[in-house]
**Q** 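Sharing a structure here in structure tokens format.
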Amino acid sequence: MTFERLRGFRDLFPEDAEPKFFMLKTADQVAASFGFQRIDMPSLETLELYRLKSGDELVSQTFSFVDKGGREVTMIPEATPSVVRMLTSRKDLPKPVKWYCYPKLWRYEEPQSGRLREHIQFNADIFGPDTPDADAEIIGLAATILDRIGLEGQFSVRINDRRLMEALLKTMGARNAISTFAVIDKFKKISREEFSSHLTESGFPEDQLTNLVFLLENPGNPAKLRETIEKVTAVDDNLGNIIGRIEETLSLARVYTSSDLVIDFSVVRGLSYYTGIVFEVFDIKGEFRSILGGGRYDNLSKLMSDQDIPAVGFGMGDVVLEMLARRQDLWKVPARPTRFSVCVASDKAREYSLDLSKKLREAGYIANMDISRRSLSAQLKNASIQGYDYALLLGDRELEKSEVTIRDLSTGQQESLSNTSLLSKLSSLKKK
RNA sequence: GCCGGGAUGGGGUAGAGGGUUAUCCUUGGGGACUGUGGAUCCCCGGACCCGGGUUCAAUUCCCGGUCCCGGCCCCA
């Protein structure tokens, strides 16, 4: 009898689990260094939580079922609704609230490159201030995490603003901004002909088509945002204010990172709840789907509760991040303490060996103790294959003299030390 | 949910236009080496994805399913 892994799920063996959790730990540390606090949430929520704002499409792609009490529940497909639920359940929290988490999320759909049925998403949000400063901090946090992981220069943060696009589409005479967004979202994936016809269907005036295409094709320099827009339409006060805010956000974000920050009018994001700045981060070579995405969603708490709390945040899945990290040769087992394998050369020395192992662990080292009762040569072979830095040999000879023989597995050199001088000696040993 | 391509020991593979110990490498365990490791040699373990059909005979051909890879839809 054999069991197979479920479709779209992963087994993480040590060689992959260690790099993965090391990356998450890096993100965790960076978020904490920004003053964000970690939270966690249930893996199961009522399905109703997603009906509110996410719509049928998302709900149809959830791992959901009816529980024994007759409730419709689902494995969470995204973090944000839970985070907002938690936030609004507490009225005592001083603003701004800056939270991060990295839950597992589930979606029931066909697996493909960069998308599986279960993934881990690093999520960070700021609740309270509706300021360019908060927007910039979220973008800065996302970029800093990627920089710290070692991806500096490998990605581009592409930024847009929903209000800007709505205002632009309005001045251009679009009838239905939301359906036009859906078409704009596909700009880079479909042919120009398809784009034109879909756009017209969405109620966008044909005579403005070239202007819109001009905008979509001329992302780029944030400093020229106003100039670019002026080429296609007049900038009134409303539009001017929005542009001013984006400019301010970008100049603040610029201080956080030297990574590529560009305006991209084709980034509108699918979710309907975004209300302001939206952004996605792409691999600079364009090999993968987006690495992370986020934006401002000021209306969600109002939809879900009696509170009105502005919010901005982002989510980063682990799957695309892993593909990019592998390409950049960053998928490595992280540095760790010196590793010792304690080899037991005689049964009489077993307890002596255990005691030494305990001391090593207490001193912060990694100590592996023979539990197979194999021959000394087999123990050494194993220590060597498993990549231990040193073998400690303990047998009758060592036991008698209260000594320990330490063998450097990379050079083969060894010496005997007294038990008491070992630990002091260790601090001077060079890590392999 | 739909479309295309795949599936041979843990990993990587060979194979035959059906035919009876299924190839090689690697990995794993043990030994030569009863107190000294990655070399060498020896021994051992381990596979034709599942179900049905055609056939005297199927790992090979056919159908269905499962899973993998990729794409659509959608993007959390």
Side-chain angles (χ1 to χ4, degrees), chain A residues 1-11 13 15 45 49-50 53-63 74-84 103-123 181-182 185-186 189-190 267-274 278 280 289-295 297 300 313-317 319-320 341 343-349 370 372-400 405-414 416:
Chain A
M1 177 114 201
T2 59
F3 292 100
E4 283 184 333
R5 193 176 58 236
L6 249 28
R7 181 168 179 71
F9 288 75
R10 294 171 287 182
D11 291 329
F13 292 97
E15 57 269 31
E45 294 269 15
L49 186 58
Y50 306 93
K53 59 104 189 169
S54 308
D56 293 342
E57 180 70 36
L58 187 146
V59 168
S60 74
Q61 292 186 348
T62 54
F63 267 94
T74 186
M75 305 299 290
I76 60 173
E78 55 171 327
T80 305
S82 301
V83 175
V84 174
K104 280 194 172 182
L105 303 179
W106 294 267
R107 55 176 87 193
Y108 200 112
E109 62 173 358
E110 291 311 307
Q112 52 193 293
S113 181
R115 311 206 39 194
L116 300 168
R117 288 184 169 181
E118 177 183 69
H119 68 124
I120 302 169
Q121 188 184 72
F122 185 89
N123 205 271
F181 279 165
D185 197 36
K186 290 192 173 61
K189 294 179 82 175
I190 62 181
V267 171
V268 291
R269 309 279 294 152
L271 281 181
S272 54
Y273 63 72
Y274 286 114
V278 287
E280 286 189 55
R289 61 180 79 234
S290 72
I291 301 161
L292 63 85
Y297 53 101
L300 193 58
F314 77 91
M316 172 172 69
V319 183
V320 175
S341 193
C343 300
V344 186
S346 85
D347 285 335
K348 270 187 269 178
D370 171 61
S372 308
R373 304 209 167 186
R374 293 197 280 210
S375 68
L376 181 63
S377 76
Q379 290 182 52
L380 278 164
K381 183 178 177 182
N382 185 259
S384 177
I385 288 170
Q386 305 240 21
Y388 283 90
D389 301 308
Y390 297 94
L392 297 176
L393 283 66
L394 302 172
D396 294 341
R397 298 208 286 263
E398 286 79 6
L399 191 56
E400 269 174 40
T405 299
I406 178 167
R407 182 175 179 86
D408 184 330
L409 288 169
S410 59
T411 64
Q413 289 179 339
Q414 68 180 48
S416 288

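Note that this is a predicted model, so its numbers are computed, not measured.
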**Q** So, are A/Glu110 and A/Arg115 salt-bridged, with charged N and O less than 4.0 Å apart?
**A**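 So A/Glu110 does not pair with A/Arg115 through a salt bridge.
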
**Q** Does B/rG45 have a Watson-Crick or wobble mate here (both distances under 3.5 Å), and if so which one?
**A**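 Across all strands, not a single nucleotide pairs with B/rG45.
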
**Q** Under 3.5 Å for both donor-acceptor distances, Watson-Crick or wobble: does B/rC72 have a partner, and if so which one?
**A**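 The base-pairing partner of B/rC72, which may sit in any strand shown, is B/rG1.
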
**Q** Give the rounded distance in Å between these two atoms: CD of A/Glu280 and C1' of B/rA76.
**A**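 Spelled out: CD on A/Glu280 to C1' on B/rA76 is 11 Å.
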
**Q** If B/rA7 has a Watson-Crick or G-U wobble mate with both distances under 3.5 Å, name it; if not, just say none.
**A**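 Paired with B/rA7, as far as the under-3.5 Å criterion goes, is B/rU66.
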
**Q** Classify the nucleic acid contact of A/Lys186 as base, sugar-phosphate or nothing, counting any heavy atom under 4.0 Å across all strands shown.
**A**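 Sugar-phosphate only.
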
**Q** Heavy-atom count check: over 12 atoms from other residues, nucleotides or ligands less than 6.0 Å from A/Gln413 CD?
**A**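 Not more than 12 within 6.0 Å, no.
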
**Q** With a 3.5 Å cut-off and just heavy-atom distances, do the side chain of A/Arg115 and the base of B/rC75 make a donor-acceptor pair?
**A**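 Looking at the base of B/rC75, it does pair with a donor or acceptor on the side chain of A/Arg115 (distance under 3.5 Å).
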
**Q** To the nearest angstrom, how far is A/Arg289 atom CZ from B/rC75 atom P?
**A**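 About 12 Å, once rounded to whole Å.
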
**Q** Which value, in whole Å, describes the distance between the C1' atoms of nucleotides B/rU60 and B/rA22?
**A**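 Straight-line distance between the two C1' atoms is 12 Å.
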
**Q** Counting only Watson-Crick or G-U wobble pairs whose two distances fall under 3.5 Å, which nucleotide matches B/rG17?
**A**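 Base partner found: none.
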
**Q** If I take atom CD in residue A/Gln112 and atom P in nucleotide B/rG70, what distance separates them, rounded to the nearest angstrom?
**A**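 Interatomic distance, CD of A/Gln112 to P of B/rG70: 9 Å.
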
**Q** Using the C1' atoms only, state how far B/rC62 lies from B/rA14, rounded to an integer number of Å.
**A**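 25 Å, rounded to whole Å.
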
**Q** Just how far, in rounded Å, is P of B/rG1 from CZ of A/Arg117?
**A**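 That distance rounds to 7 Å.
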
**Q** Determine whether A/Leu292 and A/Phe122 make a side-chain contact, defined as any pair of heavy atoms from C-beta on separated by less than 4.5 Å.
**A**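 Side-chain contact under 4.5 Å: no.
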
**Q** From CZ of A/Phe181 over to P of B/rC74, roughly how many Å is that when rounded to an integer?
**A**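 Nearest whole value for this atom pair: 17 Å.
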
**Q** Applying side-chain contact (heavy atoms from CB on, under 4.5 Å) to A/Leu376 and A/Leu393, what does each step give before you reach the verdict?
**A** CA-CA 9 Å; A/Leu376 181 63; A/Leu393 283 66; 4.2 Å; yes

**Q** Which atoms of nucleotides 48-50 of chain B (N or O only) lie under 3.5 Å from a protein N or O atom, and what are those distances?
**A**
none

**Q** With rounding to whole Å, what would you report as the distance between B/rC25 and B/rG5 at their C1' atoms?
**A**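 That atom pair is separated by 27 Å.
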
**Q** Test for a donor-acceptor pair under 3.5 Å between the base of B/rA76 and the side chain of A/Gln61, counting only N and O atoms.
**A**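 Donor-acceptor pair under 3.5 Å: yes.
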
**Q** If you measure from the P atom in B/rU21 to the same atom in B/rU40, how many Å do you get, rounded?
**A**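 Their P atoms lie roughly 33 Å apart.
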
**Q** Answer yes when A/Glu118 and A/Arg107 have at least one side-chain N-carboxylate O distance shorter than 4.0 Å, and no when they do not.
**A**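 A/Arg107 and A/Glu118: not salt-bridged.
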
**Q** For residues A/Asp370 and A/Asn382, determine if any side-chain heavy atom of one lies less than 4.5 Å from a side-chain heavy atom of the other.
**A**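 In short, these two side chains do not touch, never coming nearer than 4.5 Å.
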
**Q** Using heavy-atom distances to pick each residue's nearest nucleotide on RNA chain B, tell me which of A/Ile190 and A/Gly114 is more 5'.
**A**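 Upstream on the strand: A/Gly114.
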
**Q** Is the shortest heavy-atom distance from the side chain of A/Lys104 to the side chain of A/Gln121 under 4.5 Å?
**A**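 The answer is no; the side chains never approach within 4.5 Å.
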
**Q** Without decimals, in angstroms, what is the distance between A/Phe122 CZ and B/rA76 P?
**A**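 Answer to the nearest Å: 17 Å.
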
**Q** With heavy-atom distances below 4.5 Å as the criterion, would you say the side chains of A/Thr74 and A/Trp106 are in contact?
**A**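 With C-beta onward as the side chain, the pair stays apart.
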
**Q** Return the 5'-most residue of the pair A/Phe9, A/Gly315 with respect to RNA chain B, ranking by each residue's nearest nucleotide.
**A**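 Its nearest nucleotide being more 5', the pick is A/Phe9.
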
**Q** Can you confirm whether the side chains of A/Glu398 and A/Thr405 place a donor and an acceptor under 3.5 Å from each other?
**A**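 A pair is found: one side chain offers a donor N or O, the other an acceptor, under 3.5 Å apart.
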
**Q** Check each of A/Thr62, A/Ile76, A/Thr80 against A/Tyr50 using the side chain to side chain contact (heavy atoms under 4.5 Å, CB included) test, and report the only one that passes.
**A**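 Going through A/Thr62, A/Ile76, A/Thr80 one by one, the side chain to side chain contact (heavy atoms under 4.5 Å, CB included) with A/Tyr50 is satisfied by A/Ile76 alone.
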
**Q** Is the shortest side-chain N/O distance from A/Arg5 to OP1 or OP2 of B/rU66 below 4.0 Å?
**A**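 No, outside the criterion.
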
**Q** In whole Å, measure the gap between the P atoms of B/rG71 and B/rU59 for me.
**A**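 The same atom, P, in both gives a distance of 34 Å.
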
**Q** Applying a 4.0 Å non-hydrogen cut-off, can you work out what A/Gly395 is touching in the nucleic acid: base, sugar-phosphate, or nothing?
**A**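 Answer is base: heavy atoms of A/Gly395 come under 4.0 Å of a base.
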
**Q** Quick one: is A/Ser113 getting a side-chain N or O under 4.0 Å of the B/rG70 phosphate, OP1 or OP2?
**A**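 It does, given that an N or O in the side chain of A/Ser113 lies less than 4.0 Å from OP1 or OP2 of B/rG70.
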
**Q** Do A/Leu394 and A/Val344 make a side-chain contact, defined as non-hydrogen atoms from C-beta onward lying under 4.5 Å apart?
**A**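 Not touching, per the 4.5 Å side-chain cut-off.
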
**Q** Could you tell me how far B/rC50 sits from B/rA7 if I compare only their C1' atoms? Round to whole Å.
**A**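 The same atom, C1', in both gives a distance of 12 Å.
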
**Q** Using a 4.0 Å cut-off on protein heavy atoms (strictly under), produce a 5'-to-3' string for nucleotides 36-45 of chain B with B for base contact, S for backbone-only sugar-phosphate contact, and - for none.
**A** BBB-------

**Q** Answer yes if the ring centres of A/Tyr108 and A/Phe9 are under 6.0 angstrom apart, and no otherwise.
**A**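 No, ring centres 6.0 Å or more apart.
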
**Q** Quote, to the nearest angstrom, the P distance that separates B/rG17 from B/rC3.
**A**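 Straight-line distance between the two P atoms is 32 Å.
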
**Q** Give none if B/rU54 has no partner; otherwise give the nucleotide forming a Watson-Crick or G-U wobble pair with it, both distances under 3.5 Å.
**A**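 Partner of B/rU54: none.
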
**Q** What integer distance in Å separates A/Glu110:CD from B/rC75:C1'?
**A**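 My rounded result for the distance is 15 Å.
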
**Q** Work out how far the P atom of B/rU27 is from that of B/rG65, and round it to whole angstrom.
**A**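 That atom pair is separated by 40 Å.
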
**Q** For B/rC68 and A/Arg7 - does any side-chain N or O of the residue sit under 4.0 Å from the phosphate oxygens OP1/OP2?
**A**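 A/Arg7 to B/rC68 OP1/OP2: side-chain N or O found under 4.0 Å.
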
**Q** Roughly, in whole Å, what's the span from CZ in A/Phe13 to C1' in B/rU27?
**A**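 Result: 14 Å.
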
